[in-house]
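Report on the structure given below.
First listed ligand is number 1; within each ligand, the first listed atom is number 1. Heavy-atom basis, side chains included; hydrogens, waters and symmetry copies ignored. Owing to the predicted nature of the structure, the values given are computational and were not obtained by experimental measurement.
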Amino acid sequence: MRRKIVVANWKMHGCLAVNLRLFEGYKQKLAALSHTDFVVCVPYPYLAQAQLQLQGTHIAWGAQNLAKYPEGAFTGEVSASMLRDFECQFVILGHSERSTAYCESGENIADKFMMAKSVGLTPILCVGETLQERESGVMERVIAEQLDYLLQTRGAEVFADSIISYEPIWAIGTGLSASPDQAQSMHEFIRGRIAKQHSSAAEGLRIIYGGSVNPSNASKLLCMPDVDGALVGRCSLSVEEFSAICEAAGQIQV
Ligand code: PGA
């Protein structure tokens, strides 16, 4: 049985005062939910605040990107070991908002994925198709291509102890979530593709869904057999909405 995991992706939102209210609200509302894992991925400057506020709680914290190099003359970059200095446990990689804006290649994302694993961070690898790709029926091929770079160059075992987030690009920040059946079918496809190479890595892999998850659709998405959690953007900026999603995940587990 895979434990559900709910990940907040704050993106480029927040300030010290607002974050403090969110951390306090999360701690209070999630304290009784012990059957689910929780993670908050904050902008880099707030990692120290996340560490201070969340250490000793059952809420983990993470970042939204990292550099593919261990160190060096890379102005503006942040290394994996720097994230570990702040006791980060997770890092989001390949989010479509980054791959679109900064033209990240599959090779680049794969390097970052391996860098994260090398320091003990759990990568949350985002994959997803555009609306046009879905409408023309090529979405499975697109997702397969996004996975295959890692599968072919590093092998399926790299997915053991990792997380994949299926995030249809048309559902991110649009209010238009994938239906539970659409999510289930893609999650099953992803697990199946990895299982062809490594069945135990596929069985243990948590595949979470992201894209307009909210308190009204969370239960139906999260009760699908291959939906192991959620990556939550907009609704993670509200204690009420985020905790309602977390409660929905917790109820499925018990
Ligand atoms: P959203 O973002 O919940 O605002 O759609 C999800 C994500 O991009 O991680």
Side-chain angles (χ1 to χ4, degrees), residues 4-14 18-19 22 25-26 29-30 36-44 46 50 59-66 88-104 109 112-113 116 121-131 133-134 139 142-143 146 162-180 182-183 186-187 190 206-222 224 227-249:
K4 300 268 187 224
I5 180 165
V6 183
V7 182
N9 176 11
W10 284 3
K11 309 192 178 186
M12 197 176 70
H13 293 288
V18 168
N19 301 349
L22 283 176
Y26 283 10
K29 295 274 191 179
L30 307 187
T36 310
D37 294 330
F38 303 112
V39 184
V40 191
C41 292
V42 301
Y44 292 139
Y46 301 127
I59 307 172
W61 56 98
Q64 302 169 14
N65 185 34
L66 53 66
C88 265
Q89 288 180 46
F90 295 85
V91 61
I92 296 173
L93 295 175
H95 193 286
S96 61
E97 285 160 8
R98 290 198 57 80
S99 24
T100 312
Y102 305 105
C103 304
E104 276 202 291
I109 295 166
K112 291 180 175 189
F113 186 99
L121 283 162
T122 301
I124 302 173
L125 176 72
C126 300
V127 295
E129 81 284 358
T130 64
L131 186 59
E133 287 161 345
R134 175 157 285 269
M139 63 274 187
V142 169
I143 303 301
Q146 291 172 8
S162 302
I163 295 174
I164 291 178
S165 186
Y166 169 55
E167 303 218 310
I169 295 170
W170 47 271
I172 297 174
T174 58
L176 182 74
S177 156
S179 70
Q182 285 173 323
M186 190 57 90
H187 286 219
I190 293 170
R206 288 191 285 188
I207 306 175
I208 64 177
Y209 168 79
S212 296
V213 176
N214 62 42
S216 325
N217 61 23
S219 290
K220 290 203 175 78
L221 285 161
L222 288 163
M224 301 311 277
V227 178
D228 303 314
L231 183 57
V232 184
R234 191 188 57 76
C235 285
S236 69
L237 303 173
S238 148
V239 171
E240 293 310 318
E241 291 182 311
F242 187 64
S243 57
I245 294 167
C246 293
E247 274 161 29

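Between Pro43 and Met12 there is no side-chain heavy-atom pair separated by less than 4.5 Å. Contact check for Leu93 versus Leu66: side-chain heavy atoms found under the 4.5 Å cut-off. Looking at Ser212 and Thr174, their side chains come closer than 4.5 Å, going by heavy atoms from C-beta outward.
Tested against Ile208 for a side-chain contact (heavy atoms from CB on, under 4.5 Å), the candidates Val213, Val232, Leu231 yield a single pass: Leu231.
Proximity of a side-chain donor or acceptor of Asn9 to a complementary backbone N or O of Gly233 within less than 3.5 Å is not detected.
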Show me a pair-per-line table, with atom names and distances to 0.1 Å, of protein N or O atoms that are under 3.5 Å from an N or O of ligand 1.
from	atom 1	to	atom 2	distance (Å)
ligand 1	2 (O)	Lys11	NZ	3.1
ligand 1	3 (O)	Gly233	N	2.9
ligand 1	4 (O)	Arg234	N	2.9
ligand 1	5 (O)	Gly173	N	2.7
ligand 1	5 (O)	Ser212	N	2.8
ligand 1	8 (O)	Lys11	NZ	2.8
ligand 1	8 (O)	His95	NE2	2.6
ligand 1	9 (O)	Asn9	ND2	3.4
ligand 1	9 (O)	His95	NE2	3.4
ligand 1	9 (O)	Glu167	OE2	3.1

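The ring pair (Phe, Tyr, Trp, His ring centres under 6.0 Å) test applied to Tyr26 returns Phe242, not counting sequence neighbours.
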